[in-house]
Every structure is written in C-alpha cells, then in structure tokens.
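This report concerns only the one structure given below.
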Amino acid sequence: MTTPHVRSVGTQLINSGITVRNNRPLNENFNFLGSDSAFFLVGAPKRRWFFSDRDSEVHPLTVKVNHSLAVALDKKGMLKITQE
C-alpha cells in the first residue's frame, strides 16, 4: 500500500488486529504489517524498490483480509476498514 499517511494507516491496521512484523515500532516511511507469510507493505509515495527504476505511487486498493475484515485504500491514500 502506497500512502502519504504511513503512520496513520499503520495505526489503523494495528487497531484492527494486524500487527507490525517482529513487534517493531511504526516507521514514518515503510512498515511490514501482518503475520506468518501474509503482510501488508505500507510505504510512502516516491519510494524506489531495489528491482525497479520507477517510484511508488498511490493507487486505490481493496483487500479482503478474512471473512469479517476488509481494508480499502482510496486514491488519496486514506484507509477505510470494514469489519462485519
């Protein structure tokens, strides 16, 4: 997930029960949140990946985490969490 709101998106994910990998404190620029082999990578725009020559951009995204939890990122990088 690319968002200019890395810390607040991370906090929202934590509050919904998705933990930071290795219980590390949230970083302002990039975080792994999740467990086992399923993670959200939450990073700031214009971040360059090692394997790419392009900068990251914000794009809308919806992920159904399980039967009761869905997360949706809008085109401005704001997160909405839906729990049934």
Side-chain angles (χ1 to χ4, degrees):
M1 299 177 144
T2 301
T3 176
H5 315 288
V6 173
R7 184 174 287 276
S8 90
V9 166
T11 299
Q12 286 178 271
L13 291 170
I14 290 167
N15 290 341
S16 71
I18 300 170
T19 59
V20 179
R21 182 175 70 174
N22 299 328
N23 294 315
R24 293 184 176 163
L26 283 176
N27 183 291
E28 291 290 329
N29 297 309
F30 187 75
N31 297 287
F32 281 84
L33 292 103
S35 59
D36 301 323
S37 61
F39 291 95
F40 284 105
L41 283 63
V42 181
K46 301 191 186 285
R47 185 181 195 289
R48 178 87 36 111
W49 293 98
F50 295 115
F51 56 84
S52 177
D53 61 353
R54 296 176 62 186
D55 292 339
S56 62
E57 301 173 341
V58 178
H59 291 279
L61 171 71
T62 301
V63 177
K64 188 160 186 175
V65 177
N66 57 36
H67 295 292
S68 63
L69 179 67
V71 298
L73 193 72
D74 69 16
K75 65 183 179 180
K76 294 181 180 180
M78 300 298 291
L79 189 68
K80 180 179 179 183
I81 297 176
T82 306
Q83 292 187 311
E84 297 175 7

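Only this structure's heavy atoms are used, side chains among them; waters, hydrogens and symmetry mates stay out. A quick note: this is a predicted structure, and the numbers were derived from the prediction, not measured.
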Handout entry: Sub-4.5 Å side-chain heavy-atom contact between Val6 and Asn27
Key =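 No, too far: nothing below the 4.5 Å cut-off.
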Exercise for the section: For the residue pair Ile14 and Ile18, establish whether any side-chain heavy-atom pair is separated by less than 4.5 Å. Expected result: no
Problem - Those residues that, when tested against Arg21, pass side-chain hydrogen bond (donor to acceptor under 3.5 Å, both in side chains) (two or more places apart) - result: none
Problem - Partners meeting side-chain hydrogen bond (donor to acceptor under 3.5 Å, both in side chains) with Asn66 (sequence neighbours left out) - result: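 Result, side-chain hydrogen bond (donor to acceptor under 3.5 Å, both in side chains) vs Asn66: Ser68.
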Enumerate donor-acceptor pairs with a distance under 3.5 Å from any side-chain N or O in residues 70-80 to protein atoms, sequence neighbours excluded.
residue	atom	partner	partner atom	Å
Asp74	OD1	Lys76	N	2.9
Asp74	OD1	Gly77	N	3.0
Asp74	OD1	Met78	N	2.9

Taking only distance into account, with no hydrogens and no angle test, what donor-acceptor pairs under 3.5 Å do side-chain atoms of residues 32-53 form with protein atoms, sequence neighbours excluded?
residue	atom	partner	partner atom	Å
Arg48	NE	Asp55	OD1	2.9
Arg48	NH2	Asp55	OD1	2.9
Ser52	OG	Arg54	N	3.0

Practice task
Considering non-hydrogen atoms only, spot the tightest contact between Gln83 and Leu69 and give its length.
Solution key: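 So the two residues come closest at CG-CD1, 3.4 Å.
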Problem - Sequence-distant partners of Thr19, side-chain contact (heavy atoms from CB on, under 4.5 Å), two or more places apart - result: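 In terms of side-chain contact (heavy atoms from CB on, under 4.5 Å), with neighbours along the sequence ignored, Thr19 is linked to no residue.
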Output a table of donor-acceptor pairs, distance under 3.5 Å, between side-chain atoms of residues 57-64 and any protein atom two or more places apart or on a different chain; print 'none' if there are none.
residue	atom	partner	partner atom	Å
Glu57	OE1	His59	NE2	3.0

